[in-house]
Each structure stands twice: as C-alpha cells, then as structure tokens.
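To start, the structure itself, in structure tokens.
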Amino acid sequence: MDNNTAAKKVMVSGIQPSGDLHLGNYLGAVKNWAGLAQEFDCYYFMADLHSLTVRQDPKELRRRSVAQLAQYVACGLDPEENTLFIQSNVHEHAELGWIINCYTMFGELSRMTQFKDKSAKNADNINGGLFTYPALMAADILLYQADFVPVGQDQKQHCELTRDVAMRFNNIYGDTFKVPEPYIPKVGARIMSLGNPTSKMSKSDPQGCVFLMDKPEDIARKFKRAVTDSDTERCVRYDIENKPGVANLMSIYSSVTGKSFEEIEREFDGKGYGAFKPAVGDAVIETLRPIREEAERMLADKAYLQQLYTQGAQKAAYVARKTLRKVYKKVGLVEKPF
Ligand code: ATP
Ligand code: LTN
C-alpha cells in the first residue's frame with residue numbers, strides 16, 4: 001500500500017457469499033472495482049453475516065466465503081492494494097451493527113424493498129436479521145468512514161438509509177461518521193438471465209446464470225441454449241424492447257470484447273443467431289479462463305488464502321476499531337479496560 005492512503009477517498013463494498021460469483025457480479029461489480037485502487041482506499045469483504053439472514057448450509061457458506069476471496073483476487077483485486085476480508089472476522093461489524101440498530105427506525109426498515117422481496121421468497125423464515133439487515137450494512141460502511149459505496153441500483157435504498165442514520169447520529173452526538181454516497185456505475189452492465197432475459201442474472205437461477213468457476217463446456221452449453229426471439233430474420237440488432245435476449249447477449253459480448261454495438265451488428269450481419277450465440281460463449285470462456293485458473297491455483301493453497309484473509313482482517317480491524325471506540329464513547333459505553 002502506498003503512503004498516499006490517508007489522502008485517498010474511501011470505498012467500501014461487499015457481496016454475500018450466499019452463492020458462487022457469477023458473470024453478473026463480475027461485469028456489474030467486481031471487474032469495475034479492480035480499477036479503483038489507484039484512486040481510492042478500497043475495502044471489499046465477503047458479507048457472510050448478511051448471508052445468515054437466509055438459512056445456509058454451514059460447510060458451503062464457509063467454503064464459499066474463502067472461494068469468493070480467491071475469486072476477488074483472480075478478478076484483479078490485488079490484496080496489497082485493496083483490503084480484502086471476511087466480514088465476520090472483524091467483530092466490530094456486529095458490534096456497531098447493534099448500535100446502529102438502536103438508531104434505525106422500525107418504519108424505515110419496513111419500507112425497504114429488499115426486505116419485502118426476501119420475505120416473500122422466504123415466507124417460512126422471516127427472521128429479525130432479515131428485517132435489520134440494512135442496519136448491519138450501514139455499520140459495514142460507517143466503520144470505515146466511507147466516502148463512496150460501489151453497488152448496483154438495487155442497493156441504493158440501503159445506502160440512502162445509511163446516510164439518514166449517519167446524519168441522525170451526527171446530529172445527536174456531533175461529527176462521528178462520514179456521510180457516504182452510493183457509487184453506481186453510469187453505464188453499469190446489468191446482465192440478464194440467459195434463460196429469461198427480462199430478469200437479472202442471479203445465482204438463484206443456475207440455468208440462466210454463468211458462474212465464474214463454470215467449466216468451458218458448461219459455459220458453451222448455456223450460451224447455445226440462451227433464449228433469443230422468434231424474429232424470422234434472426235438478425236443481431238440491439239433492440240432491448242423487442243429483442244431483450246439478443247440485446248443481453250450483445251451487452252455481454254460488448255463488455256468482454258470492448259466492441260461497440262454497431263461493430264457487433266456489422267460482425268454478425270447476415271450470420272444469424274447460430275453463429276452469434278457460440279461466439280458470445282467463446283468470448284466469455286476466454287475472459288473467464290484465466291480467472292478460473294488463477295482462482296483454482298489459489299484454492300489449492302489453503303495456507304496462502306488464510307494468510308490473505310488474516311492480513312485483510314487485521315488491516316480492516318485497525319480502522320474499524322478506531323471508529324467503534326469513538327462511538328462507544330459518544331453513546332456512553334464504558335471503555336474496555338483490556
Ligand atoms: P441474488 O441472487 O440474491 O439477487 P446476486 O448474486 O444476483 O444475488 P448480489 O449479491 O445481490 O447479487 O449482488 C452483488 C453485486 O453484484 C452487486 O453490486 C450487484 O449490483 C451486482 N450484480 C448482481 N447481479 C448482477 C447482474 N445480473 N448484472 C449486473 N450486476 C449484478
Ligand atoms: N447488501 C449487499 C451486500 C452488502 C454490502 C454491504 C454492499 C452487505 N454490506 C456494505 C455494500 C456495502 C448486497 O446484497 N449486494
């Protein structure tokens with residue numbers, strides 16, 4: 001890490017290890033994070049505590065938390081330039097999470113659309129954690145005095161709540177937290193499901209979802225089966241309203257090759273979907289190949305990964321502890337004597 005860190009603005013973000021990382025997570029989030037470390041002091045974590053709001057298989061959750069770290073690094077997040085850690089390894093998150101809970105209103109939490117969506121999907125397990133999820137997320141962000149929070153559009157409401165709670169706390173106790181802003185990519189690639197191009201690619205739909213660790217033959221099969229449309233000309237043209245499947249494949253192809261939509265239309269002019277779909281599959285395979293191979297290499301070296309998440313948690317805890325100490329003092333908790 002360079003000596004300039006103190007002057008840099010702070011970025012904080014996390015992804016829940018409740019599924020393996022997929023192409024949507026990569027193109028919409030992690031790939032963009034990789035370019036930010038030059039300009040920002042970046043903290044990225046595996047939000048394993050958040051994953052507990054939905055029932056998890058314990059072994060799988062542990063495996064995915066470490067696998068996600070390997071994938072972050074393989075996607076270009078240099079562990080020397082970025083602080084990469086597992087959320088539950090930095091206990092300050094849970095501690096500040098509780099305090100933030102006490103400054104977050106029932107009404108505010110009731111308005112969160114993610115809570116409404118997730119309660120509908122998990123009707124048999126609408127637990128307290130699912131409801132207070134945004135308070136823990138606010139703690140994740142405020143602990144590091146973040147300036148920016150790179151997230152997708154779906155997390156904007158949680159970021160707004162974080163700002164409101166930070167301002168509320170600062171009004172009562174004086175300046176304590178930096179009030180963060182969401183950092184939403186302007187032309188953020190929103191990748192849609194290959195099986196159902198009107199809903200986003202998501203780990204809960206494995207057939208329409210390409211995972212970073214998928215084998216090349218599985219990726220090829222998923223693209224060959226990708227839903228397009230019944231246009232008789234089978235023309236590769238960007239028309240999101242009438243041809244959402246083709247538009248999605250064009251977005252993916254454009255993101256991984258850097259080609260513009262016009263270039264893609266010219267390349268496949270008169271060739272139809274039969275040539276287009278495998279070409280997108282091949283381009284994705286070649287983009288993901290080095291990522292998968294690098295992640296596999298790291299996953300074979302458990303000691304190295306353990307050293308990475310230890311170093312990350314130590315760096316994160318150093319900063320988190322400072323904020324938590326300040327908060328304990330402000331709210332009237334007795335300073336820990338040891
Ligand atoms: P879920 O299946 O629960 O919706 P997910 O894996 O699709 O989860 P999240 O864990 O909610 O995604 O998101 C992690 C990050 O990846 C967020 O910044 C989010 O905006 C981004 N992301 C997720 N899915 C996509 C997608 N299909 N296209 C672009 N970005 C995405
Ligand atoms: N809620 C986010 C994951 C998340 C997060 C955070 C993102 C948990 N804590 C702090 C940014 C900052 C999600 O589901 N994508």
Side-chain angles (χ1 to χ4, degrees), residues 13 15-34 44 46 51 60 63-77 150-154 185 187-229 236 238 240 243-259 261 264 267-268 273-299:
S13 198
I15 297 184
Q16 296 184 55
S18 45
D20 290 306
L21 289 186
H22 56 73
L23 191 62
N25 298 138
Y26 175 62
L27 296 177
V30 186
K31 184 183 174 199
N32 309 317
W33 298 353
Y44 301 114
M46 333 302 143
S51 293
E60 265 297 283
R63 178 194 68 74
R64 284 195 306 254
S65 298
V66 179
Q68 190 171 310
L69 170 67
Q71 288 163 37
Y72 275 2
V73 177
C75 286
L77 295 180
V151 282
Q153 190 68 32
D154 58 322
V187 279
R190 188 160 188 261
I191 306 301
M192 310 309 275
S193 160
L194 299 185
N196 176 12
T198 51
S199 60
K200 76 164 196 163
M201 182 176 284
S202 147
K203 58 204 163 216
S204 45
D205 162 29
Q207 275 320 306
C209 180
V210 174
F211 294 98
L212 298 193
M213 301 304 276
D214 272 351
K215 293 196 190 70
E217 56 271 28
D218 294 329
I219 301 177
R221 185 174 36 79
K222 287 179 182 176
F223 276 97
K224 272 197 194 116
R225 287 195 193 154
V227 168
T228 45
D229 53 60
V236 176
Y238 193 83
I240 199 142
K243 295 160 80 71
V246 172
N248 185 39
L249 292 173
M250 287 179 73
S251 297
I252 295 174
Y253 194 60
S254 168
S255 292
V256 298
T257 60
K259 292 179 186 170
F261 292 152
I264 300 170
E267 184 178 346
F268 293 97
Y273 303 156
F276 178 52
K277 291 203 281 184
V280 182
D282 286 345
V284 170
I285 289 170
E286 290 320 315
T287 300
L288 297 186
R289 189 189 302 281
I291 295 176
R292 178 175 47 85
E293 287 176 355
E294 171 75 4
E296 276 169 356
R297 260 195 299 280
M298 277 185 275
L299 285 167

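Counting from 1, the numbers follow the sequence of the chain as shown. Just so you know, these numbers come straight off a predicted model, no measurement behind them.
A pairwise comparison of heavy atoms in K277 and A226 identifies NZ-O, 2.9 Å as the closest pair. Minimum interatomic distance between S13 and W33 (heavy atoms only, all atoms of both residues): OG-CZ2, 3.5 Å. Of all heavy-atom pairs spanning D214 and C209, the tightest one is OD2-O, 4.1 Å. For the pair Y26 and C75, the tightest heavy-atom approach, listed with the atom from each and the gap, is CD1-SG, 3.5 Å. Closest approach of A34 to G76, counting heavy atoms only: CB-O, 3.8 Å. Closest of all the heavy-atom pairs between F261 and S254 is CE2-CB, 3.8 Å.
L21 is listed as a side-chain neighbour of Q68, based on a closest heavy-atom distance under 4.5 Å. Annotation: side chain of L288 is not in contact with side chain of F211 (no heavy-atom distance under 4.5 Å). The closest side-chain heavy-atom distance from V30 to Y44 is not below 4.5 Å. Two residues are said to be in side-chain contact when any heavy atoms from C-beta on lie closer than 4.5 Å; K243 and T228 fail this criterion. Counting heavy atoms from C-beta on, the side chains of L299 and R63 never come closer than 4.5 Å.
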Q.
Run the side-chain contact (heavy atoms from CB on, under 4.5 Å) test on V246 and L249 for me, step by step, so that the C-alpha distance in whole Å, both residues' side-chain angles and the decisive distance to 0.1 Å come before the verdict.
A. CA-CA 5 Å; V246 172; L249 292 173; 5.6 Å; no
Q.
Please evaluate residues I285 and F223 with respect to the criterion side-chain contact (heavy atoms from CB on, under 4.5 Å), reporting the C-alpha separation (whole Å), side-chain torsions for both, the decisive distance (0.1 Å), and the verdict.
A. CA-CA 10 Å; I285 289 170; F223 276 97; over 6 Å; no
Q: Kindly indicate, with the supporting measurements, whether the criterion side-chain contact (heavy atoms from CB on, under 4.5 Å) is fulfilled by V210 and L194.
A: CA-CA 8 Å; V210 174; L194 299 185; 3.7 Å; yes
Q) Between V256 and L27, does a side-chain contact (heavy atoms from CB on, under 4.5 Å) hold up when you go through it step by step? A) CA-CA 8 Å; V256 298; L27 296 177; 4.2 Å; yes
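For the pair D282 (side chain) and A279 (backbone), a donor-acceptor distance under 3.5 Å is absent. In this structure, N248 contributes its side chain and M192 its backbone to a donor-acceptor pair below 3.5 Å.
In this structure, E296 pairs ionically with R292, as a charged nitrogen and a carboxylate oxygen lie closer than 4.0 Å. Ion pairing between a basic and an acidic side chain is recognised when a charged N comes within 4.0 Å of a carboxylate O; K200 and D205 show no such pairing.
Separation of atoms CD1 (I252) and CE (M201) is listed at 5.0 Å; rounding is to 0.5 Å. The CD1 atom of I191 lies 6.0 Å from the CG atom of L23; values are rounded to the nearest 0.5 Å. Here the CZ atom belonging to R190 is positioned 11.5 Å from the OG atom belonging to S251, to the nearest 0.5 angstrom. Rounding to the nearest 0.5 Å places CD1 of I219 at 10.5 Å from CE of M213. The distance from atom NZ of K259 to atom CE of M250, rounded to the nearest 0.5 Å, is 11.5 Å. Between the CZ atom in R225 and the CD atom in Q207 there is a gap of 6.5 Å [rounded to 0.5 Å].
Ring geometry for F268 versus F276: interplanar angle over 60°, hence perpendicular rather than tilted (30 to 60°).
When each of K222, R221, K215 is checked for a side-chain hydrogen bond (donor to acceptor under 3.5 Å, both in side chains) with D218, only R221 meets the rule.
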